[in-house]
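Since we're looking at a predicted model, the values are computed, not measured.
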Amino acid sequence: MRILTATLLSLTLLAASAWAQTPTKKLRLFSEDATDTSYTVKRGGKTLEITRVMTGCAKNEGWFQPLVPVPGVTPVGEAEMLHALNDPDAMVVDMRSMPEFLAATIPTAVNIPFTEVALRMNDLGCDKAADGKWNCTKAKKLYAFCNGPVCPQSPIAIRAITRDGFPANKIFYYRGGMLDWMALGLTTQPGEF
């Protein structure tokens, strides 16, 4: 019992120490605007300011992304992502930059950085017609992800490719991205060219 109590006390002190050392840089909440760093809650005559700060877990400086970045896109979680890995009609695309992808990604994911995806719609199964427009009738189901709930990379890419003709109903957005995947202890692997 003494060992258990001492262990619990040590863990509590360790957690308190980590909390006390948490950086206080305020991060954005809803937009690219650098001043968008707090949200005020008013209830029962009281006011509370909610902020977001950099921590070991919350390590992305982006801002909250919508669950559905474009109407018609389907949000998915880890279960759907796992099933997509075995679906021959699906393509799991890591839309982060190449160095992030090479460090660790979801197994079997391919890398098409968000800055390139609109130019590489042929890699998604689309064909460019003579008039320069994309024909995506044979496109695979696209499972897109980036760094997590505050990462704007895959939502930016999704908006770009739907604007250029990729069907929104063939896009499955894993908003949790690498942050949630790794926080849940799921297997990662270094990306491959």
Side-chain angles (χ1 to χ4, degrees), residues 14-15 17-19 21-32 34 37 52-70 73-125 139-162 166 170-193:
L14 183 62
S17 173
W19 177 260
Q21 294 174 11
T22 300
T24 58
K25 177 183 177 188
K26 289 185 177 181
L27 302 175
R28 295 168 286 177
L29 296 177
F30 300 109
S31 70
E32 292 182 72
T37 59
R52 185 175 148 254
V53 296
M54 189 68 73
T55 67
C57 184
K59 52 190 170 195
N60 189 314
E61 292 191 27
W63 55 93
F64 296 128
Q65 299 303 308
L67 194 56
V68 178
V70 171
V73 170
T74 303
V76 295
E78 293 73 25
E80 292 83 6
M81 289 297 290
L82 287 168
H83 290 296
L85 299 177
N86 281 326
D87 183 347
D89 295 322
M91 187 173 184
V92 177
V93 179
D94 185 336
M95 295 184 165
R96 299 175 301 150
S97 66
M98 177 70 73
E100 293 172 307
F101 169 75
L102 292 174
T105 192
I106 294 172
T108 76
V110 298
N111 182 231
I112 305 178
F114 77 105
T115 55
E116 299 175 15
V117 72
L119 302 172
R120 294 177 53 188
M121 287 178 45
N122 57 313
D123 291 340
L124 305 176
K140 292 187 173 234
K141 295 181 280 185
L142 170 63
Y143 285 77
F145 70 94
C146 53
N147 283 312
V150 297
C151 179
Q153 295 173 350
S154 49
I156 288 169
I158 289 168
R159 285 191 289 277
I161 63 175
T162 55
F166 197 93
K170 287 189 173 187
I171 300 174
F172 300 85
Y173 172 44
Y174 177 40
R175 181 177 177 257
M178 289 304 294
L179 182 70
D180 285 2
W181 189 269
M182 291 170 57
L184 292 169
L186 293 165
T187 300
T188 63
Q189 68 181 32
E192 299 176 6
F193 283 107

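- The OG1 atom of Thr162 sits 14.5 Å away from atom NZ of Lys170, with the distance rounded to the nearest 0.5 Å.
- Judged by distance alone, with hydrogens and angles left aside, the side-chain atoms of Thr105 form no donor-acceptor pair with the main-chain N or O of Phe101 at under 3.5 Å.
- A parallel orientation is assigned to the rings of Phe172 and Tyr143, their planes being inclined by less than 30° (bins at 30° and 60°).
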Applying side chain to side chain contact (heavy atoms under 4.5 Å, CB included), run through Trp181 and Tyr174 and close with a yes or a no. CA-CA 10 Å; Trp181 189 269; Tyr174 177 40; 3.9 Å; yes
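- Asn147 places no side-chain N or O within donor-acceptor distance of the main-chain N or O of Leu179, the cut-off being under 3.5 Å.
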Side chain to side chain contact (heavy atoms under 4.5 Å, CB included) for Thr74 and Lys141? Distances and angles first, verdict last. CA-CA 11 Å; Thr74 303; Lys141 295 181 280 185; over 6 Å; no
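- With sequence neighbours left out, the side-chain contact (heavy atoms from CB on, under 4.5 Å) criterion links Leu102 to Met98, Phe193.
- Taken to the nearest 0.5 Å, the CG atom of Leu142 stands 4.5 Å off from the CE atom of Met95.
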Output, in order, the C-alpha distance, side-chain angles, deciding distance and verdict of side chain to side chain contact (heavy atoms under 4.5 Å, CB included) for Val73 and Ile158. CA-CA 9 Å; Val73 170; Ile158 289 168; 3.9 Å; yes
Steps toward side chain to side chain contact (heavy atoms under 4.5 Å, CB included) verdict (Ile171, Ile161): CA-CA 10 Å; Ile171 300 174; Ile161 63 175; 3.9 Å; yes
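- Considering CD of Glu80 and CG of Asp87, their distance stands at 12.5 Å, rounded to 0.5 Å.
- Here the closest non-hydrogen pair linking Tyr173 and Cys151 is OH-O, 4.4 Å.
- The stretch residues 183-193 participates, sequence neighbours left out, in no side chain to side chain donor-acceptor pair (under 3.5 Å) pair at all.
- Between the CD1 atom in Ile112 and the CG atom in Leu124 there is a gap of 4.5 Å [rounded to 0.5 Å].
- Between Gly176 and Pro149, the shortest heavy-atom contact is O-CD, 3.7 Å.
- Without hydrogens or angle criteria, Glu100 side chain to Ser97 main chain gives a donor-acceptor distance under 3.5 Å.
- Of the possible donor and acceptor atoms, none in the side chain of Lys140 sits under 3.5 Å from a partner among the backbone N and O of Asp123.
- Proximity of a side-chain donor or acceptor of Asn111 to a complementary backbone N or O of Asp94 within less than 3.5 Å is detected.
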